[in-house]
Amino acid sequence: MDSPRTAVSNPPTQPMASNLGPGDLIRRSATAELPPPTRKLTEVAKLIDVSKCIGCKACQSACVEWNDTHPAVGENVGAYENPHDLTENMFTLMRFTEWVNPETDSLEWLIRKDGCMHCADPGCLKACPAPGAIVQYSNGIVDFIHENCIGCGYCVKGCPFNIPRISKADHRSYKCTLCSDRVAVGQGPACAKACPTGAIVFGTKADMIKHAEGRITDLKSRGYANAGLYDPPGVGGTHVMYVLHHNDKPHIYANLPDDPKISPLVQGWKGVTKYVGIAAMSMMAVGSVIHGVFARPNRVAAEDEENAEKLVEGKPVPPPNHATTSEGR
Amino acid sequence: MVEKIQPGDAIHPGKPVTVDRYGPAARANHWITALSLILLGISGLALFTPSLYFLTGLFGSGQNTRAVHPWIGVVLFLSFFVFFFQLWRANLPERVDIVWLSKIRDLLSGHEENLPELGKYNAGQKFIFWGMTALILVLIASGVVIWEQYFAEYFSIPARRVAVLAHSVAAVLIICIFILHVYAAIWTRGTLQAMTRGTVTGGWAWRHHRKWLRELAGQRKTGPAE
Amino acid sequence: MTNAWTDIKNTDLVVVMGGNAAEAHPCGFKWVTEAKAHRGAKLIVVDPRYTRTASVSDFYAPIRQGTDIAFLLGVINYCIQNNKVQWDYTKAFTNASYIIQDGFGYSDGLFTGYDEEKRDYDRSSWDYVMDEDGFARTDPTLTHPRCVWNLLKDHVSAYTPEMVERICGTPKAKFLKVAEVISECSSPTKTMTSMYALGWTQHSHGAQNIRAMAMLQLILGNIGVRGGGMNALRGHSNIQGLTDLGLMSHLLTGYLNMPTEKEPDFETYMKSRQFRPLRPGQTSYWQNYRKFMVSFQKAMWGDAATAENGWGYHYLPKLDVPAYDVLRMFELMNHGRVNGYICQGFNPVLAFPNRGKVVAGLSKLKFLITMDPLETETARFWENHGEFNDVDTASIQTEVIQLPTRCFAEDEGSLTNSGRWLQWFWPAATPPGEARSDIWIMSQIFLRMREMYRREGGAFPDPLLNLSWDYHDPNDPEPEELAKEINGRALRDLTDPNDPSRVLVPAGKQVLNFTQLRDDGSTMCGCWIYSGNFNEAGNNMARRDNHDPDNTGAYLGWTFAWPLNRRTLYNRASADLNGKPWDPSRKLMEWDGTKWTGYDVPDIAPNAKPQDVMPFIMNQEGVSRLFSRGMMRDGPFPAHMEPFESPVQNVFNRKMRGNPVARIFESDVSQFGTSDEFPYAATSYRLTEHFHYWTKHNRVNASLQPEFFVELSEELAAEKGIQPGSWVRVWSKRGSVKAKAMVTKRIRPMMCDGKTVHVIGIPLHWGFVGAAKKGFGPNSLTPFVGEANIETPGYKAFLVNIEPSTAPGGAVA
Amino acid sequence: MTAAAREAQFPSWDIVFFGGAFMNVELSRRGFLKATGAGVAATSLGAMGFGAAEAAVAAHVRPLKLANTTETRNTCPYCSVACGIIIYSKGDVRKGERAEVVHIEGDVDHPTNLGTLCPKGAALKDFVQAPTRLTQPRIRKPGSDRFEDVSWDAALDRIARLMKHDRDANFLATNAEGLAVNRWTTTGMLAASATTNETAWTTFKVAKALGIVGFDNQARV
């Protein structure tokens with residue numbers, strides 16, 4: 001079979017050194033001078049073939065077990081999504097949409113696995129104020145380093161896909177790590193390993209694009225003329241990609257953004273506002289200092305004190321400058 | 001519009017004359033506000049730009065900084081608005097403020113005698129007062145929207161993005177105003193004691209707020225001789 | 001399953017009907033997606049609901065639950081009308097050419113011989129015309145008007161596309177599309193696989209649902225070939241094993257039958273089991289019945305089983321009714337005629353129909369013993385949980401003993417999967433607290449009772465005292481010892497019949513497989529079909545060679561499959577009468593001139609010439625049966641029958657209710673509802689997030705699907721004023737449940753016989769213990785009626801009513 | 001002994017990651033993961049002078065939680081696809097140690113599931129460790145509203161006594177025609193379809209020898 005495997009073997013039980021380290025970082029939040037990476041890893045990607053997905057939630061289950069999270073037992077609100085949204089305890093979520101295809105008038109149950117897209121240009125990382133709380137490895141994984149996270153929620157605003165969730169318990173931000181700990185020892189992500197139908201596959205990004213092409217050809221042969229790969233250029237491409245039967249309208253898949261980008265507001269905030277703001281505050285401070293140094297202080301003269309004493313004592317003092325004060329009366 | 005004498009303002013004859021400008025409560029409040037603003041500035045700047053992130057060290061950690069900043073904001077908001085209700089009448093704009101502003105060069109170059117006589121506050125002080133008021137409203141409102149721990153979930157992410165941008169811009173402006181305020185207080189010698197001891201000298205009042213002094217004198221609003 | 005899970009990748013068309021493979025068997029369904037991705041296979045789903053399986057299908061057609069026979073006979077009719085029949089296969093490998101007796105006929109929805117009083121048929125005329133040598137007469141030209149083929153053609157002719165639409169509610173165009181795609185698989189180079197489950201079995205006419213599809217598969221030539229077959233997707237991990245091992249009322253191991261009162265001695269018992277071939281030269285494998293039976297009896301009673309005592313035949317209980325199935329047991333319980341009940345890993349309070357009757361029955365027991373790793377509703381049936389289990393605790397006089405058992409992670413042994421693979425597994429964890437293995441518990445009960453009988457005597461202690469129990473540690477037999485016992489061994493030296501000096505198997509050694517079993521008491525074997533599982537080569541169930549030469553999906557080196565490590569049943573049918581594969585690209589078995597070769601273990605003797613021995617050697621005919629003679633109580637052909645509770649009447653016979661021969665207990669007759677009172681057609685099913693009533697104990701699965709709900713269409717919700725996510729009450733003649741409403745486009749009203757039919761879907765995973773929210777099961781509503789042949793309760797088609805409601809009393813959390 | 005048989009004897013080694021039963025995995029696939037930040041490249045990392053940085057690495061990427069666990073081949077107990085699973089435990093029951101399940105994952109060597117699992121199988125650990133697992137024999141007396149703990153001995157003696165009492169009272173040795181029928185219809189048994197064949201055989205022997213005819217399993221439900 002030529003379909004990619006999600007893992008080369010069962011996870012090892014022998015201690016193994018992790019193979020993702022600081023030398024592999026290509027971006028680190030709030031860090032201007034990152035040492036250049038010591039090597040360039042091949043980019044990886046998780047490909048989610050929505051057309052193969054049966055919505056079984058094995059990915060959710062495997063994710064919870066691997067990451068030792070504790071999603072709450074909620075209630076049914078008349079939908080198959082459970083929990084009802086991503087949470088700090090549920091890094092991935094099947095989203096279900098009952099969509100009637102207007103062209104064929106037939107029902108399609110669109111099921112999309114939501115979760116971090118591992119953008120090449122990650123908005124979360126851009127927004128993050130805490131040095132090293134969000135890192136990007138040269139293989140494309142965007143990972144949250146929770147020890148460094150301060151829980152400000154800026155990543156939430158930075159993310160074009162509405163992914164990170166802040167824990168109310170420990171005030172740290174959580175999302176899919178692409179199982180960086182597994183990838184670091186030669187394993188695919190837990191969700192991809194579990195996926196019963198191979199709707200989730202993992203490998204190099206180049207391989208995944210190739211695999212997607214095969215899937216798209218198959219879908220086109222089954223009548224999905226607009227089948228395509230979702231690898232949005234607005235965020236520089238992603239390391240989690242979708243094969244969609246209707247790639248011309250991603251929004252029908254539970255509001256998957258048609259053309260995601262980091263919001264201009266966030267760009268403005270983290271860009272021009274920061275630079276202009278710092279410049280303005282600096283100029284203000286520096287201007288004050290310069291003025292203070294070079295201009296004479298505004299001192300009260302002895303004459304002023306005398307005038308004040310005269311006034312208090314009822315003696316004549318210079319009259320008010322009527323030309324300028326009369327209006328105020 | 002008649003400018004009222006602020007309660008508590010009074011003249012004490014002597015050499016030099018001293019004038020009560022701020023009572024103890026007002027001064028305490030001012031310093032609470034000032035301290036809050038400084039802490040907010042520090043913690044806010046730490047989260048605003050990575051180059052200042054080290055400032056979180058003052059609060060123990062980034063987590064603490066994130067946690068404490070909004071609460072300080074609440075303190076600032078409350079203390080400032082106590083202040084606001086004390087001072088807003090004295091800060092209402094007047095035509096004289098325009099004249100004063102038009103001659104601001106004379107002020108900066110030390111020719112204050114060319115400026116019109118002023119009441120308790122000059123246009124610069126009023127600008128600071130109203131600027132702070134407006135920005136604090138923007139900051140508290142936007143701050144609530146992005147207060148992750150309690151309120152953020154009630155607002156959409158686009159709204160939060162607007163809020164975080166507004167918060168940043170407002171913060172930059174308020175820091176600028178803060179610098180102006182502090183510098184003006186230092187440059188104008190004799191001012192600081194208004195907020196430390198609560199009094200200014202008669203000369204200071206004569207020089208900077210002559211109308212205010214005249215009014216106090218005219219209303220015989222004099223305290224008992226010491 | 002006739003084929004293995006891994007074989008599904010070889011198919012061209014997957015028809016999922018009477019099941020929801022993606023939902024209930026996701027990892028097996030993988031092989032459907034493989035077939036789609038790599039062979040361009042198509043997937044068709046026919047179901048009352050647009051299911052998770054439908055979500056990845058190429059074509060979906062709705063069908064009213066319980067009308068699958070009409071649909072399938074419609075497809076057979078379509079194939080015959082359009083000459084889409086694999087003729088060579090049908091003529092050679094089915095009984096199409098067999099001549100049927102003149103007495104047999106069918107009219108008004110009934111076959112000949114119906115006795116309304118007895119609710120049974122006189123089946124004597126449902127048989128072949130025999131010649132003077134006792135062989136069945138045939139007409140290979142298929143021109144004889146009484147040959148099976150012409151009777152079938154006539155029988156299915158009523159099921160036109162219009163009739164299918166009228167009965168099933170499937171729009172004609174959709175039915176025709178399905179029929180057309182299926183009929184293409186009559187080509188020898190195209191195969192179709194049928195994947196079904198309890199959506200077909202849990203009807204009063206369940207077996208006939210399956211027969212209808214099996215017949216279709218036979219005329220398309222899809223049985224015994226790669227990518228074909230009838231694939232029953234079984235529910236529990238070892239349901240296949242427990243059935244194979246005969247843990248049922250009417251069975252012994254390996255599908256040997258329990259004797260009945262009509263068979264007072266061993267020879268009488270054997271007389272009706274001679275299974276003489278019905279065609280000259282055929283192999284009828286059941287002719288070896290005596291060898292298997294004697295070896296089984298020797299395994300049970302060792303030296304106490306002798307030729308003189310019919311190998312301990314008198315130790316075996318004799319049945320007076322076809323079976324003491326669960327419905328009968330609970331009926332008896334309600335009459336106070338059952339005192340004790342042992343539930344080993346079983347939760348009847350949620351599993352059996354008409355929960356009210358189940359709980360009433362349990363309340364009349366003197367004692368109930370439960371063995372389970374988890375809490376069950378059954379062990380706590382006496383506990384009041386508000387609306388969720390509203391019982392009067394103090395009045396329930398049942399003594400309940402709850403025994404904690406190990407679970408899979410702490411246990412060792414083999415499980416037989418749906419594809420008949422016996423797979424060994426090993427323990428990994430220490431059991432919690434004092435949990436003990438089921439083997440230990442059963443041994444303890446046995447040893448203590450045997451000791452009591454030894455000491456005190458009592459009713460017929462012999463079968464107990466003589467039960468073979470020579471284990472290393474009688475208190476706790478090792479799984480491997482038991483597996484060896486199942487495989488069987490020589491009790492004396494087994495010599496070559498042609499050369500008595502040659503010892504084939506020395507005394508005490510394991511037999512190779514069931515071909516070495518004897519009927520003279522010289523061998524013992526617990527379960528003949530499993531024999532070969534643990535022979536002198538070792539534990540074959542633990543083999544882990546996952547080589548798959550030429551990617552056929554056979555995996556002959558992986559564990560052990562019964563029988564004889566065969567992976568595809570009837571695999572000889574993958575080749576034509578000359579032994580050449582129907583599809584050379586999909587070769588399974590091939591006759592090389594002297595023997596059968598290929599990727600599997602041949603289903604007939606390896607040197608049986610292709611023209612001589614037909615593939616279906618478990619049938620006396622050697623061929624498969626389009627006409628099943630008198631072997632099924634409800635007809636030799638399937639015929640449309642409505643569920644007992646149906647929104648519409650049977651269009652062939654408006655007076656007929658349900659399956660005319662299904663057993664109904666008198667007390668249950670008044671418990672059937674009518675469509676006037678209960679207008680909506682309900683069905684029950686499993687969800688992928690849960691496994692029966694186990695995973696509600698698991699916090700992860702509980703969070704993935706936390707709360708009981710029912711599914712209904714937007715149209716019905718609008719009509720009833722039901723909001724999505726709001727509480728509704730659903731009730732039948734037998735009970736009432738409260739659930740959250742899942743309003744969906746995936747269920748649409750259907751038009752059946754001029755009437756709008758609304759479907760309500762009721763999943764089955766909630767109860768009153770565990771991590772998930774408290775809820776109900778569909779069994780509170782379902783009728784107490786069994787399948788006519790094997791008494792599988794019907795859960796898939798019944799009538800309910802629905803209304804907006806409020807949260808149930810008694811905390812949901 | 002064939003290789004397969006040997007494996008059968010020693011099935012659950014901490015196995016095959018570096019060799020062994022890889023038959024169904026393309027070797028070429030193993031290449032890419034090394035180059036993608038995956039696996040086994042500790043030496044190359046050291047060679048690049050990052051040996052000292054490894055402590056920092058640990059703080060970055062979570063250390064693999066399966067390190068130093070025991071691996072056991074098992075079969076998912078739910079449906080009859082019978083997926084191969086691997087149980088990772090702390091401690092080794094084969095060495096007589098206390099062992100606790102740390103994680104359960106699909107077995108990639110298994111031909112049917114190829115390492116995949118469904119949402120139930122993927123969460124098996126929480127079945128093994130469910131708070132509602134039973135740990136102690138208990139008895140509910142007639143009319144009582146609670147269970148009481150009892151010892152195994154007491155529970156089993158009681159069961160044997162109850163069963164013998166009922167069997168002796170209601171065993172039908174012969175029917176009306178005097179034919180030996182050896183039926184015990186007043187006590188029934190439901191056998192668990194999730195137990196092993198070996199358990200089933202034990203259960204079968206005991207139940208049929210006792211003459212229990214009200215005997216069934218989940219085949220029908």
Side-chain angles (χ1 to χ4, degrees), chain C residues 5 26-28 234 236-237 239 241-243 245 247 317-318 324 326 329 339-346 351 367 375 393 397 400 402 404 408-409 413-414 417-418 425 428-430 432-433 438-439 442 444 446 448-449 458-459 463 467 479 482 538 542-545 555 691 697-698 700 792, chain D residues 4-5 7-8 12 72 74-75 77-78 80-83 87 89 98-99 101 111-113 118 120 123 126-128 130 132 134-135 138 140 142-143 145 156 160 162 166 168 171 181-183 186-193 196-200 202 206 209 211 213-214 216-217 219-221:
Chain C
W5 289 105
C27 291
R234 310 219 58 178
H236 284 71
S237 57
I239 194 97
L242 266 84
T243 316
L245 286 160
L247 280 85
K318 315 288 180 300
Y324 284 87
V326 290
M329 285 305 280
N339 298 319
Y341 212 53
I342 309 169
C343 292
Q344 178 195 48
F346 215 124
F367 64 95
E375 284 284 4
T393 302
Q397 292 301 305
V400 182
Q402 186 187 43
F408 72 100
S414 66
N417 78 0
S418 208
F425 67 91
T430 309
D438 291 76
I439 292 176
M442 290 313 296
Q444 294 303 313
F446 163 70
R448 277 160 215 252
M449 287 187 77
L467 188 65
L482 293 157
R543 297 185 309 153
R544 298 187 57 81
D545 177 356
Y555 297 101
F691 184 78
H697 292 267
N698 176 326
V700 180
T792 298
Chain D
E7 269 210 45
S12 36
T72 309
N74 202 299
T75 302
Y78 293 136
S80 66
V81 178
C83 294
I87 304 180
S89 13
R98 262 203 82 75
V101 177
T112 309
N113 64 311
C118 76
K120 285 101 51 183
D126 284 271
F127 161 34
V128 180
T132 32
L134 302 174
T135 57
R138 291 187 292 193
R140 181 260 181 188
D145 63 354
L156 292 163
L162 285 166
D166 185 58
D168 286 347
F171 186 80
V181 294
N182 298 338
R183 270 200 310 269
T186 52
T187 288
M189 175 161 191
L190 295 170
S193 295
T196 64
N197 289 320
E198 293 68 31
T199 301
T202 314
V206 175
V213 288
D216 220 323
N217 67 61
R220 295 187 168 100
V221 296

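Residue numbering restarts at 1 for every chain, and letters A, B, ... go by the order of the sequence lines. The structure displayed is predicted, hence computed values, not measured ones.
- Applying the ring-ring contact (aromatic ring centres under 6.0 Å, His included) test to F446(C) and every residue at least two apart in sequence or in another chain returns W469(C).
- None of T196(D), T72(D), I87(D) except one satisfies the side-chain contact (heavy atoms from CB on, under 4.5 Å) rule with F425(C); the exception is T196(D).
- When each of C343(C), P479(C), S414(C) is checked for heavy-atom pairs under 4.5 Å with chain D, S414(C) comes out on top.
- Of the listed residues G345(C), P404(C), A429(C), A351(C), the one with more heavy-atom pairs under 4.5 angstrom with chain D than any other is P404(C).
- Between the CG atom of N197(D) and the CG atom of L245(C) there is a distance of 5.0 Å, given to the nearest 0.5 Å.
- Q344(C) places a side-chain N or O within 3.5 Å of a backbone atom of A192(D) that can act as its donor or acceptor partner.
- For the set C118(D), S89(D), G188(D), A219(D), the entry with the most heavy-atom pairs within less than 4.5 Å of chain C is G188(D).
- A distance of 8.0 Å separates OG1 in T199(D) from CG in L482(C), rounded to the nearest 0.5 Å.
- One distance of note links CG of N698(C) with NZ of K120(D); it measures 11.5 Å at 0.5 Å rounding.
- One distance of note links CG of L162(D) with CZ of F367(C); it measures 5.5 Å at 0.5 Å rounding.
- Closest approach of P432(C) and L134(D) over heavy atoms only: CG-O, 4.2 Å.
- For F346(C), the parts sitting under 4.5 Å from any heavy atom of chain D are the backbone and the side chain alike.
- The distance from atom OG1 of T75(D) to atom CG of N417(C), rounded to the nearest 0.5 Å, is 9.0 Å.
- In plain terms, the two heavy atoms of D216(D) and V326(C) that are nearest each other are OD2-N, 3.4 Å.
- Options G143(D), A130(D), G211(D) differ in how many heavy-atom pairs under 4.5 Å they form with chain C, and the most are formed by G143(D).
- The two atoms that bring R183(D) and K318(C) nearest to each other are NH1-O, 2.7 Å, heavy atoms only.
- For a residue to count as touching a neighbouring chain, one of its non-hydrogen atoms must lie under 4.5 Å from one of that chain's; by this rule D166(D) touches chain C with the side chain only.
- Heavy-atom pairs under 4.5 Å with chain C were tallied for T135(D), N182(D), L190(D); the largest tally goes to L190(D).
- Between the S237(C) side chain and the P77(D) main chain, a donor and an acceptor come within less than 3.5 Å of each other.
- Per-residue heavy-atom pair counts under 4.5 Å with chain D were compared for G241(C), A409(C), C27(C), and the maximum is reached by C27(C).
- Of the inter-residue distances, the one linking Q444(C) atom CD with L156(D) atom CG reads 6.0 Å to the nearest 0.5 angstrom.
- Only the side chain of M329(C) comes within less than 4.5 Å of a heavy atom of chain D; its backbone N, CA, C and O stay farther away.
- Y341(C) pairs by the side chain to side chain donor-acceptor pair (under 3.5 Å) definition with nothing, not counting sequence neighbours.
- Of the listed residues G413(C), G433(C), A459(C), the one with more heavy-atom pairs under 4.5 angstrom with chain D than any other is A459(C).
- Note: I342(C) leads T393(C), L467(C), I342(C) in heavy-atom pairs under 4.5 Å with chain D.
- Between the side chain of N74(D) and the main chain of A428(C), no donor-acceptor pair closer than 3.5 Å is present.
- The backbone N or O of A99(D) sits less than 3.5 Å from a side-chain atom of T430(C), completing a donor-acceptor pair.
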Given ring-ring contact (aromatic ring centres under 6.0 Å, His included), test F408(C) with F127(D) step by step and report yes or no.
-> CA-CA 10 Å; F408(C) 72 100; F127(D) 161 34; 5.7 Å; yes

